[in-house]
Amino acid sequence: MTQSALAVVVLAAGQGTRMKSEIAKVLHPLSGVPLIGHVLSTASALEPDHIAVVVRHQRDAVADVVNDYVEDALIVDQDDVPGTGRAVELALQALPKDFSGDVVVISGDVPLLDSDTLHAVLDHHRAEGTALTLLTTVPDDPAGYGRVIRTESGGVARIVEDADATEDERAIEEINAGVYFVERSAASAALAALGTDNAQGEKYLTDMVESLHQAGHPVAGVLVEDSWLLEGINDRAQLSDVQARLTRMTVRGWQLSGVTIQDPASTMIDLSVELAPDVTLLPGVHLGGSTRIDSHATIGPDTTLVDCTVESHATVVRTHALGAHIHEHASIGPFSYLRPGTSVGPEGKVGAFVEVKNSTLQRGAKVPHLSYIGDSDVGEGTNIGAGAITANYDGSQKHRTTIGAQVRTGSHTVFVAPVELGDGSYTAAGAVVRRAVEPGALAMSIAPQRNLEGWVEQNREGSPAATAAKNASTGKKKP
Ligand code: UD1
Ligand code: CA
């Protein structure tokens, strides 16, 4: 059979009222991808000659995202006539005049529909030579969907919308999934003749079914057993139901390719994430964006990584990291915060209650405790003592701190940037480093300590401290 022409029409003009959102429904994310992105990926997999997307609500925002996924998509603006029928009518008008062939109509809010299912039905549609083939299914709860009225011979006579249905019709369990395969000119002719005389005052795409059937064209309804494939997202409860299903599928896919995932229920993995075999994900791990994790790395528990690279044998415990690169055998956490531009070298360490931003730690460099390292370069094998702060911001500009290799800084050192510390230098506890430290030097900024004897008893008479001090000096034991 020769490959005939194909166009996909994606409906995305609706307001999505039931989402109660300022964001267009089709832009809400599912596993890190906007709903319309899922649908466009499926559409592209059919390798059609044209993809037309009908927009109206939040037109520019939707069009931008559409073009991110399909550069040459036709953006079709719906006019003031509401309804799915009008949307398809305008899309067909926007296709090149000389296009004749099959059109697949799908909704922007049905993200789990896959291209294998569409391919199979397209083949069936072409083999049978029907004018219109639509997908149907039997969901747990058919409320809200259009119901399928079959002919005696098993074709489809018409679709009745929930809002227009009689009680008997509402009892029908088979619903219209909103996915259609139709020949262009037959659809155009049928749609041009439709009105808006129904409960919602809209031009219903579903009325095309009855008009084609009455004109003597065969209309087929293909029942899809897995109704979840066709679940449309209309509100946020459905969004989270579909998210839960997609997460289960994603987790299972990674498990079967060799990733240990201890607790699927508390794990979220965006579709764009890449995991190697023998990665271990402990409970409460969320991986997003372009995150990539190499083998034998262990992530979690309770860790979020977005746009991060984690190399092999690294461990990342109770950490929040964005745009960080963690090299092999490095150790992060617990309770670390890595911000964009952070690179932790091989065998490096970022420990408890440490924040790192826009900084490079070379091989084996360690920041183990309670520190802020920003806009810094830290050399190989250097150890930053507890409570270090890079004072990188002078109130208007950011400056860099450059620390050499094999440096040892004392607890609570402040680096007043811009400042440089040479290889093998030391700082004393509490040092405030304002100017360059030569290699091998010890930087101190120590005011001599004075002890004022008897100060507490003189100035805090009768306080618990004064009593304790008095007892200590008279050698009396605590009561
Ligand atoms: C539609 C079908 C219904 C089917 C259900 C399956 C119609 C009249 N009804 O109902 O039979 O069971 O899908 O999920 O077609 N849209 C536009 N322009 C518009 C209106 C809607 O582009 O003027 C788009 C929406 O953005 C959405 C899609 O069409 O992506 C479906 O619209 P929606 O309002 O969700 O239709 P349903 O009420 O779900
Ligand atoms: Ca819908």
Side-chain angles (χ1 to χ4, degrees), residues 7-46 48 50-95 103-115 144 178-179 200 202-203 205 230-243 246-247 268-273 286 288-291 304 306-307 322-323 340:
V8 179
V9 171
V10 179
L11 304 185
Q15 211 180 334
T17 322
R18 290 164 278 183
M19 292 296 277
K20 304 212 165 77
S21 177
E22 286 182 1
I23 301 161
K25 172 167 77 175
V26 294
L27 298 186
H28 279 258
L30 187 72
S31 291
V33 174
L35 296 181
I36 188 96
H38 290 264
V39 173
L40 289 169
S41 300
T42 301
S44 301
L46 293 175
H50 308 283
I51 294 179
V53 183
V54 187
V55 297
R56 180 173 167 94
H57 185 70
Q58 297 216 353
R59 182 232 183 259
D60 291 346
V62 175
D64 280 352
V65 172
V66 167
N67 287 129
D68 284 348
Y69 285 88
V70 182
E71 221 178 306
D72 59 352
L74 289 167
I75 304 292
V76 180
D77 285 291
Q78 189 163 353
D79 58 14
D80 289 335
V81 180
T84 49
R86 181 61 175 169
V88 173
E89 185 179 12
L90 293 171
L92 296 181
Q93 285 171 16
L95 292 175
V103 177
V104 183
V105 178
I106 51 184
S107 291
D109 62 354
V110 183
L112 298 185
L113 179 60
D114 64 313
S115 57
V179 179
Q200 303 184 77
E202 295 182 357
K203 198 163 191 172
L205 179 56
L230 293 161
E231 198 167 333
I233 290 173
N234 294 315
D235 57 39
R236 300 198 202 215
Q238 287 169 317
L239 180 64
S240 79
D241 288 348
V242 171
Q243 178 65 78
L246 183 55
T247 299
M268 298 278 291
I269 306 172
D270 281 1
L271 295 179
S272 45
V273 167
H286 297 191
S290 59
T291 294
T304 298
V306 178
D307 298 332
L322 315 168

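Keep in mind that what you see is a predicted model, and the values were worked out from it rather than measured.
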Engineer: Please report the C-alpha distance between Val179 and Val110 in whole Å, then the side-chain angles of each, then the deciding distance to 0.1 Å, and finally whether the side chain to side chain contact (heavy atoms under 4.5 Å, CB included) criterion is met.
Structural biologist: CA-CA 9 Å; Val179 179; Val110 183; 5.6 Å; no
Engineer: Who pairs with His286 by ring pair (Phe, Tyr, Trp, His ring centres under 6.0 Å), at least two apart in sequence or on another chain?
Structural biologist: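 For His286, no residue satisfies ring pair (Phe, Tyr, Trp, His ring centres under 6.0 Å) once neighbours in sequence are set aside.
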Engineer: What distance do His38 atom NE2 and Ser31 atom OG have between them, rounded to the nearest 0.5 Å?
Structural biologist: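 Those atoms lie 6.0 Å apart.
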Engineer: Drop me the distance from Gln238's CD to Met19's CE, to the nearest 0.5 angstrom.
Structural biologist: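 One gets 9.0 Å once the value is rounded to the nearest 0.5 Å.
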Engineer: Any idea which heavy atoms bring Asp270 and Gly288 closest together, and the distance?
Structural biologist: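 Result for this residue pair: OD2-CA, 3.3 Å.
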Engineer: Check Ala43 against Val8 and note the closest heavy-atom contact, atom names and distance.
Structural biologist: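 Where Ala43 meets Val8 most closely, the heavy atoms are CB-CG1, 3.8 Å.
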Engineer: Starting at OG1 of Thr84, measure out to NZ of Lys203 and round the result to the nearest 0.5 Å.
Structural biologist: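 Reported value, rounded in 0.5 Å steps: 11.0 Å.
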Engineer: Take Val39 and Leu113 through the test side chain to side chain contact (heavy atoms under 4.5 Å, CB included) and record every step on the way to the result.
Structural biologist: CA-CA 7 Å; Val39 173; Leu113 179 60; over 6 Å; no
Engineer: How many angstroms lie between atom CG of Leu11 and atom CD1 of Ile36, to the nearest 0.5 angstrom?
Structural biologist: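 Separation between the atoms: 9.0 Å.
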Engineer: If we check side-chain contact (heavy atoms from CB on, under 4.5 Å) with Leu40, which of these qualifies: Ile106, Ile51, Asp68, Asn67?
Structural biologist: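 Looking at Ile106, Ile51, Asp68, Asn67, the match for Leu40 under the side-chain contact (heavy atoms from CB on, under 4.5 Å) is Ile51.
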Engineer: With Arg86, which residues qualify under salt bridge (Lys or Arg N to Asp or Glu O under 4.0 Å), at least two apart?
Structural biologist: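 For Arg86 the salt bridge (Lys or Arg N to Asp or Glu O under 4.0 Å) partners, ignoring immediate neighbours, are Asp79, Glu89.
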Engineer: Which heavy atom in Ala52 sits nearest to a heavy atom in Ala91, and how many Å separate them?
Structural biologist: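 Scanning both residues, the minimum pair turns out to be CB-CB, 4.4 Å.
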Engineer: What's the shortest heavy-atom distance between Gln78 and Gly83, and which atoms?
Structural biologist: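 Gln78 and Gly83 have their closest heavy atoms at NE2-O, 3.1 Å.
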Engineer: Hey, could you give me the CG/NZ distance between Leu27 and Lys25, rounded to the nearest 0.5 Å?
Structural biologist: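 It is 11.5 Å, given to the nearest 0.5 Å.
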Engineer: Looking at Val66, Val62, Val65, which hits side-chain contact (heavy atoms from CB on, under 4.5 Å) with Val26?
Structural biologist: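 The residue from Val66, Val62, Val65 that satisfies side-chain contact (heavy atoms from CB on, under 4.5 Å) with Val26 turns out to be Val62.
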Engineer: Roughly how far apart are Leu90 CG and Leu95 CG, rounded to 0.5 Å?
Structural biologist: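 If we round to the nearest 0.5 Å, Leu90:CG and Leu95:CG are 11.5 Å apart.
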Engineer: Side chains of Pro111 and Val242: does their closest heavy-atom pair fall under 4.5 Å?
Structural biologist: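 Yes, side chains in contact.
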Engineer: For the pair Ile23 and His28, evaluate side chain to side chain contact (heavy atoms under 4.5 Å, CB included) and give the outcome as yes or no after the intermediate values.
Structural biologist: CA-CA 7 Å; Ile23 301 161; His28 279 258; 3.8 Å; yes
Engineer: Does the side chain of Pro82 reach to within under 4.5 Å of the side chain of Gln200, using non-hydrogen atoms?
Structural biologist: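 They are not in contact (no side-chain heavy atoms under 4.5 Å apart), so the answer is no.
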Engineer: Measure from the side-chain N and O atoms of Asp307 to the backbone N and O of Ser290, and report whether any donor-acceptor pair falls under 3.5 Å.
Structural biologist: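 The answer is yes, because a donor-acceptor pair under 3.5 Å joins these two groups.
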Engineer: Counting C-beta onward and ignoring hydrogens, is there a side-chain heavy-atom pair between Asp77 and Arg59 closer than 4.5 Å?
Structural biologist: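 Result yes, sub-4.5 Å side-chain heavy-atom pair found.
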Engineer: For Val54 and Ala87, which heavy atoms make the closest approach, and how far apart are they?
Structural biologist: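 Where Val54 meets Ala87 most closely, the heavy atoms are CG2-O, 3.4 Å.
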Engineer: Is it true that a side-chain atom of Gln243 and a backbone atom of Pro29 form a donor plus acceptor pair closer than 3.5 Å?
Structural biologist: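 No.
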Engineer: Please report the closest heavy-atom contact between Gly289 and Ser272, naming both atoms and the distance.
Structural biologist: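 Minimum heavy-atom contact is O-OG, 2.7 Å.
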Engineer: Do Met268 and Thr247 pass the side chain to side chain contact (heavy atoms under 4.5 Å, CB included) test, and can you show the C-alpha distance, the side-chain angles, and the key distance before you say yes or no?
Structural biologist: CA-CA 6 Å; Met268 298 278 291; Thr247 299; 4.0 Å; yes
